[in-house]
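Just follow the structure's listing: the first ligand is 1, and inside any ligand the first atom is 1. Excluded from the calculations below are hydrogen atoms, water molecules and symmetry mates; all remaining heavy atoms, backbone and side chain alike, are included.
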Amino acid sequence: MAKATVKVRVPSVRVTSWNDADFNPQGCFVLYWMTASRRTTWNAALERSVELAKELRKSLLIVETLSSGSRWSSDRHHRFILQGMAENRASCEKHGIRYYPFVEHKQGTTADLVVALASHSCAVITDDFPMDSSTAEVSHVARQIGVRTECVDSNGLLPIRATDRVFPTAYAFRRFLQRSLPDHLPDPPAANPLARTNLPRLGGIPHEIRHRWPPASSKLLSADMAALARLPIDHAVHPVPFQGGASAARKTWKTFLKRKLANYPGDRNHPDADGTSGLSAYLHFGHISVHEVFRELAEADGWSPARVRGQATGKREGWWGMSEASEAFLDELVTWREVGFNMCSHAKNYFLYDSLPDWAKSTLAKHAADRREYVYTLEEFEQARTHDRLWNAAQNQLVCEGRMHNYMRMLWGKKILEWSAHPQEALDVMIELNNKYALDGQDPNSYSGIFWVLGRYDRPWGPERPIFGKVRYMSSENTARKLQLNQYLADYAPAGK
Ligand SMILES: Cc1cc2nc3c(=O)[nH]c(=O)nc-3n(C[C@H](O)[C@H](O)[C@H](O)COP(=O)(O)OP(=O)(O)OC[C@H]3O[C@@H](n4cnc5c(N)ncnc54)[C@H](O)[C@@H]3O)c2cc1C
């Protein structure tokens, strides 16, 4: 295979080769296998694919796949993703780029399709998403591919490979961000990599491939329930009333920016205030990019890099030189979101109990045999059958709407720890319920939040308590006193249960 040197604009720190193969100049197209950054804008993997296609003077083929093999694949998650796929198809059609949507009717067929397409391609580019299931699939496929295969990282403002250190606290990570971000902010992915590409249009997909792995039907792409019913996924987890896809993501973001951002510092902790962005599911499925959000936030704030305060102190406020509200939002969107990407990229055991800090494991072990006033099973938790009305309300919101307010999520997790027979069992319950029902589940943030309940990113707290030991404790009574919750309880636990 001929050697090829390809100059691209995408920073090399965002690009990782998954095999030793070279580009194949005899291939018909560059293949972009879209799995995580499910959008056609602000997408570094798509940008890299376009630039390779231009350099090699080949067509571009985008294949967006949806697996049915995840333990938590359900109507809820599939529908949200399919709504995004329909938009991606329209966007590619508008730009004259061939788009191939593939939804697994039989588990495991995605890999076969990608390997078959790769044999006709010059190179394969895919998304770098640091969840174990995603990296396992890419490595399984890359091993079978005879052309160069690259993963490209569009996840955060900080490229995940800008460091291989794992940060134990948000403070330490924030300090690192403050030192490093000025080098990376000038290189966001292109806002619209498909504009004016002038790439040769790909004639068609080989017949034997279309025949063996047919593209998703229009019915499926319209998230038709009868079409969904034929897929081997969990049909008991129902779709939610809000829409997936880039347009809905952008609308949600604009509403937050215009109407809610100014009050974010005061409102974000109050479930009744509806004061947060609601972006987490869109960020999780890649329907919106953190780079786009950051750019528009900075513009609205009249910000330029010159306003950054020079010193990397690790303090939450002041470094950006933006308004208090923008800085509070960025601390969640960048520090807290990306510390999770850092952990999942570099600590291979991020989902195991053993990954907790030593102080947390030791204090939880010391109190593992403490008497519990209430102990519930997974089924009782799942069906919101606890004695605590506030907890049941939170669980009901998760099951019905696929989301839960952040403050309630913290309380929800702390009580699962308190009412489980063992901390490891609490971890299993949290992972199962969060990932099964939350639209934004199976994300690095899921593991940050769940493990935070058990001490990750936190410090020891006194006084030492039963069950929790030195792990931070939360009570429903204090939460009810501190928060505006009347409407929340009326909506999600109306019978007073
Ligand atoms: C037990 C538990 C489980 C959680 N599971 C998930 C999950 O599965 N998926 C998920 O995205 N988040 C999870 N979180 C974090 C947080 O609750 C959600 O990110 C947030 O509630 C999403 O709402 P929003 O988009 O309106 O947030 P906003 O307040 O508008 O914040 C903007 C963005 O910043 C990020 N962010 C906000 N808060 C946090 C946080 N505490 N940690 C990490 N990132 C944050 C999210 O990407 C969010 O979309 C969990 C937290 C806990 C305590």
Under 4.0 Å from one or more heavy atoms of Leu283, ligand 1 contributes atoms 47 (O), 49 (O)
among protein heavy atoms, the one nearest atom 35 (C) of ligand 1 is Glu332 O, 3.4 Å
How about Ser326 and Ser323: does a side-chain donor come under 3.5 Å of a side-chain acceptor?
-> yes
Note: ligand 1 atoms sitting under 4.0 Å from heavy atoms of Asn434 are 3 (C), 4 (C), 5 (N), 7 (C), 8 (O)
Residues at least two apart in sequence or cross-chain that pass ring-ring contact (aromatic ring centres under 6.0 Å, His included) with Tyr447, listed by chain then number, are Tyr350
Of Arg174, Gln178, Arg175, the one forming a side-chain contact (heavy atoms from CB on, under 4.5 Å) with Thr313 is Gln178
Min over Phe329, Tyr407, Tyr447, Phe451 of heavy-atom distance to atom 32 (C) of ligand 1 lands on Phe329
Any heavy atom of Gly441 sitting closer than 4.0 Å to ligand 1? yes
query = Does a sphere of radius 6.0 Å around CD in Glu324 hold more than 12 heavy atoms from other residues, nucleotides or ligands, not counting ones at 6.0 Å or beyond?
reply = no
Short version for Tyr264: what comes under 4.0 Å of ligand 1, heavy atoms counted, is side chain
(request) Check whether the side chains of Asp75 and His78 place a donor and an acceptor atom closer than 3.5 Å, and report yes or no. (result) no
Ligand 1 and Leu279, any nitrogen or oxygen pair closer than 3.5 angstrom? yes
query: Is Ser448 close to ligand 1, meaning an N/O of one under 3.5 Å from an N/O of the other?
result: no
Under a 3.5 Å cutoff, is there a donor and acceptor pairing between the side chains of Glu104 and Thr110? yes
The answer for which part of Ser277 has a heavy atom under 4.0 Å from ligand 1 is both
Without hydrogens or angle criteria, can the side chains of Tyr264 and Glu332 be said to hold a donor-acceptor pair below 3.5 Å? no
Contact region, Ser446 to ligand 1, non-hydrogen atoms below 4.0 Å, reads both
* Is there a nitrogen or oxygen of Asp440 sitting under 3.5 Å from a nitrogen or oxygen of ligand 1? -> yes
Among the heavy atoms of Gly413, does any lie under 4.0 Å from an atom of ligand 1?
no
Could you check whether any side-chain N or O of Lys414 sits under 3.5 Å from a backbone N or O of Arg472, counting only pairs where one atom can act as donor and the other as acceptor? yes
Residue, atom and distance of the protein heavy atom nearest atom 14 (N) of ligand 1 read Arg409 NH1, 3.6 Å
Residue pair His270 / Tyr488, side-chain donor-acceptor N/O under 3.5 Å: no
- Query: With a 4.0 Å cut-off on heavy atoms, does Met430 reach ligand 1?
  - Reply: no
In this structure, atom 17 (O) of ligand 1 is nearest to the protein heavy atom Asn406 OD1, 2.7 Å
Quick one: do Trp18 and His140 satisfy ring-ring contact (aromatic ring centres under 6.0 Å, His included)? Show the steps, please.
CA-CA 10 Å; Trp18 273 73; His140 167 69; over 10 Å; no
Trp336 heavy atoms within 4.0 Å reach ligand 1 at atoms 42 (N), 43 (C), 44 (N)
| message | Less than 3.5 Å apart, any donor N or O on the side chain of Trp72 or Glu432 sitting next to an acceptor on the other? | response | yes
ask   = Is Met410 in contact with ligand 1, taking contact as a heavy-atom separation below 4.0 Å?
value = yes
Looking only at non-hydrogen atoms, the one of Asn445, Leu330, Asp274 nearest atom 44 (N) of ligand 1 is Asn445
Counting heavy atoms under 4.0 Å, the part of Asn435 that contacts ligand 1 is neither
Check your understanding: If you measure only the distance, is there a donor-acceptor pair under 3.5 Å linking the side chains of Gln395 and Trp412?
Key -> yes
Checking heavy-atom distances from atom 48 (C) of ligand 1 to each of Gly278, Ala328, Ser280, the winner is Ser280
